[in-house]
Asks: 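Mind looking over this structure? Questions follow.
Counting convention: from 1, in listed order, for ligands and their atoms alike. Just so it is clear, the model here is predicted, and its values are computed rather than measured.
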Amino acid sequence: MLLDRLKDKFVELYGDGDIFTFFSPSRINLIGEHIDYNGGRVLPAAINIGTYGLVRKRADDLINLTSENIDLKVTVSLEDVKYDRAHGWGNYPKGVLYFMKEREYNIGGMDILVKGNIPNGAGLSSSASLELLIAEMANILFNNGEIPMLELVKLCQRAENEFIGVRCGIMDQFAIGMGKKNKVILLDTNTLEYEYIEISLGDNALVVMDTNKRRELSDSKYNERRAECEEGLKILQEFRNINSLCDLSIEEYNSLKSHISDDKIRKRVKHVVYENNRVNLTSTALRIGDIESLGKFLIESHNSLKDLYEVTGIELDSIVNAANSFDFCLGARMMGAGFGGCAIAIVEREKLEEFMSHVERIYKKEIGKQCKFYIAEISDGTRQLNNCALD
Ligand code: GLA
């Protein structure tokens with residue numbers, strides 16, 4: 001068992017004593033891409049792969065961080081939590097602890113061991129998964145679990161924005177912290193109002209397809225897209241009293257678009273307005289179990305992210321085209337920030353084996369790389385795995 005093995009490793013590293021275990025999932029996003037920083041609605045969910053964490057309180061104020069995935073141990077004193085490039089992955093936990101201190105939550109020394117089964121850089125939010133894991137550990141160990149999850153979600157987004165420097169929206173942290181088994185979250189990123197919608201895909205499975213192309217450039221490209229949206233918003237605000245691009249209906253966009261003379265900016269805005277509308281259409285389809293339409297919206301979303309938002313790339317296009325060319329795939333699209341990472345597909349369960357070899361063969365031929373698949377189960381958000389310490 002993974003947890004038994006991790007427990008042995010923990011004892012080897014930090015000695016005997018109580019150990020508390022936690023799990024923080026990764027996330028998928030059914031639809032609504034590059035929408036969460038434009039004030040619109042998204043449809044994400046937590047899934048059953050993620051980050052395991054073992055932790056014990058220390059008597060001093062040291063934080064010891066060890067990962068089974070990355071060979072870099074980090075030790076930091078709570079008196080001196082600041083960004084340090086050399087600390088690599090350790091900066092994510094540090095960012096969370098920094099803002100917990102700033103908000104004056106209780107916090108103390110901890111020995112921590114983490115192990116993730118989310119591929120890094122695959123667009124499944126391994127960073128948000130780690131952030132929420134650390135936040136929930138500190139919540140349970142030092143604050144009797146009294147900090148509301150929504151507070152932790154916001155705090156982790158701040159850590160990513162201000163400590164790490166990636167201007168992500170709130171979707172990933174929200175889905176990971178607030179996820180519920182078998183439910184997608186219809187989240188309004190403007191008001192943070194949310195609603196759980198039961199996901200019933202009938203005889204179909206949700207497949208995550210990993211291109212194995214890591215998204216090295218994505219952070220700068222991501223920030224670039226945000227800036228382009230801000231530019232579009234500024235232009236349109238001269239003509240309409242809006243706070244964000246998603247305040248616009250499709251009709252309003254069409255009546256205003258001629259004011260945006262820059263072709264590139266107009267395309268970005270068009271994606272945002274139409275994608276936001278697709279989220280509404282998809283949530284209606286989900287409620288009435290109209291899986292066919294869901295598939296169709298996924299395909300439209302991908303095309304828009306490819307042609308208008310320009311965040312796909314040859315790997316994502318190849319894997320999505322291969323998936324969509326399979327008879328028993330209802331629809332597929334890239335997911336997350338883009339430029340590599342993962343795509344999702346809705347595929348008939350009985351045909352999964354055939355589907356995977358079909359996509360694998362085409363992808364290998366076109367891109368020369370192996371791809372990977374995960375059958376995603378929609379799961380609960382970040383949580384402690386047992387109520388008492390493992391002895
Ligand atoms: C990344 C960000 C999210 C969101 C998606 C694109 O995953 O972390 O906030 O913007 O990209 O939809």
Asks: For ligand 1, which atoms sit closer than 4.0 Å to a heavy atom of Gly169?
Replies: 9 (O)
Asks: If you count every heavy atom of other residues, nucleotides or ligands that lies below 6.0 Å from Asp8 atom CG, does the total exceed 12?
Replies: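 Yes - once you tally the heavy atoms of other residues, nucleotides and ligands closer than 6.0 Å, there are more than 12.
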Asks: Tell me whether Glu33 has any N or O atom under 3.5 angstrom from an N or O of ligand 1.
Replies: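 Looking only at distances, the answer is yes, because the N/O contact criterion of under 3.5 Å is met.
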Asks: For ligand 1, which atoms, with element, lie under 4.0 Å from some heavy atom of Gly336?
Replies: 6 (C), 11 (O)
Asks: Restricting to non-hydrogen atoms, name the atom on Met110 and the atom on Ile107 that form the minimum distance, rounded to 0.1 Å.
Replies: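 Reported closest heavy-atom pair: CE-CD1, 4.5 Å.
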Asks: Should Ser125 be listed as contacting ligand 1, given a heavy-atom distance under 4.0 Å as the test?
Replies: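 No, that is not the case, since the closest heavy atom of the residue is not under 4.0 Å from the ligand.
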Asks: Does the cation-pi check pass for Lys351 over Phe328, that is, NZ or CZ under 6.0 Å from the six-membered ring centre and within 45° of its axis?
Replies: yes
Asks: Can you tell me which residue and heavy atom of the protein come closest to atom 9 (O) of ligand 1, and the distance to 0.1 Å?
Replies: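 Residue, atom and distance for the closest contact: Asp36 OD2, 2.5 Å.
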Asks: Taking only heavy atoms of Cys168, which atoms of ligand 1 are found under 4.0 Å from at least one of them?
Replies: 2 (C), 8 (O), 9 (O)
Asks: For ligand 1, which atoms, with element, lie under 4.0 Å from some heavy atom of Arg27?
Replies: 7 (O)
Asks: Under the criterion side chain to side chain donor-acceptor pair (under 3.5 Å), which of Glu33, Arg278, Glu275 is the partner of Ser301?
Replies: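 It is Glu275; the other options fail the test.
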Asks: Is it true that atom NZ of Lys369 has more than 12 heavy atoms of other residues, nucleotides or ligands lying nearer than 6.0 Å?
Replies: yes
Asks: Which residue and non-hydrogen atom of the protein lie closest to atom 1 (C) of ligand 1, and at what distance in Å?
Replies: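 Ranking protein heavy atoms by distance from atom 1 (C) of ligand 1, first comes Asp172 OD2, 3.7 Å.
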Asks: Looking at every non-hydrogen atom in both residues, tell me the closest pair between Cys156 and Val96 and how far apart they are.
Replies: SG-CG2, 4.1 Å
Asks: Testing Thr75, Asp111, Val76, Val81 for side-chain contact (heavy atoms from CB on, under 4.5 Å) with Ile63, which one passes?
Replies: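 Output: one option passes, namely Val76.
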Asks: Please list, in number order, the atoms of ligand 1 under 4.0 Å from a heavy atom of Tyr222.
Replies: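 That gives atoms 1 (C), 2 (C), 3 (C), 4 (C), 9 (O), 10 (O), 11 (O) of ligand 1.
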Asks: What pair of heavy atoms forms the shortest contact from Gln173 to Val153, and how long is it?
Replies: O-CG2, 3.5 Å
Asks: So which protein heavy atom does atom 5 (C) of ligand 1 come closest to, and at what separation?
Replies: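 It is Met171 CE, 3.9 Å.
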Asks: Might you confirm whether atom OH of Tyr253 has over 12 heavy atoms from other residues, nucleotides or ligands at distances under 6.0 Å?
Replies: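 Atom OH in Tyr253 is crowded, with more than 12 foreign heavy atoms closer than 6.0 Å.
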Asks: Suppose I only count heavy atoms of Tyr37 and a 4.0 Å limit; which atoms of ligand 1 are within that range?
Replies: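 So the atoms of ligand 1 that pass are 10 (O).
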Asks: Hey, is Met335 one of the residues with a heavy atom under 4.0 angstrom from ligand 1?
Replies: no
Asks: Indicate, as side chain, backbone, both or neither, the part of Arg167 found under 4.0 angstrom from ligand 1 when only non-hydrogen atoms are considered.
Replies: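 No part of Arg167 is near ligand 1 at this cut-off.
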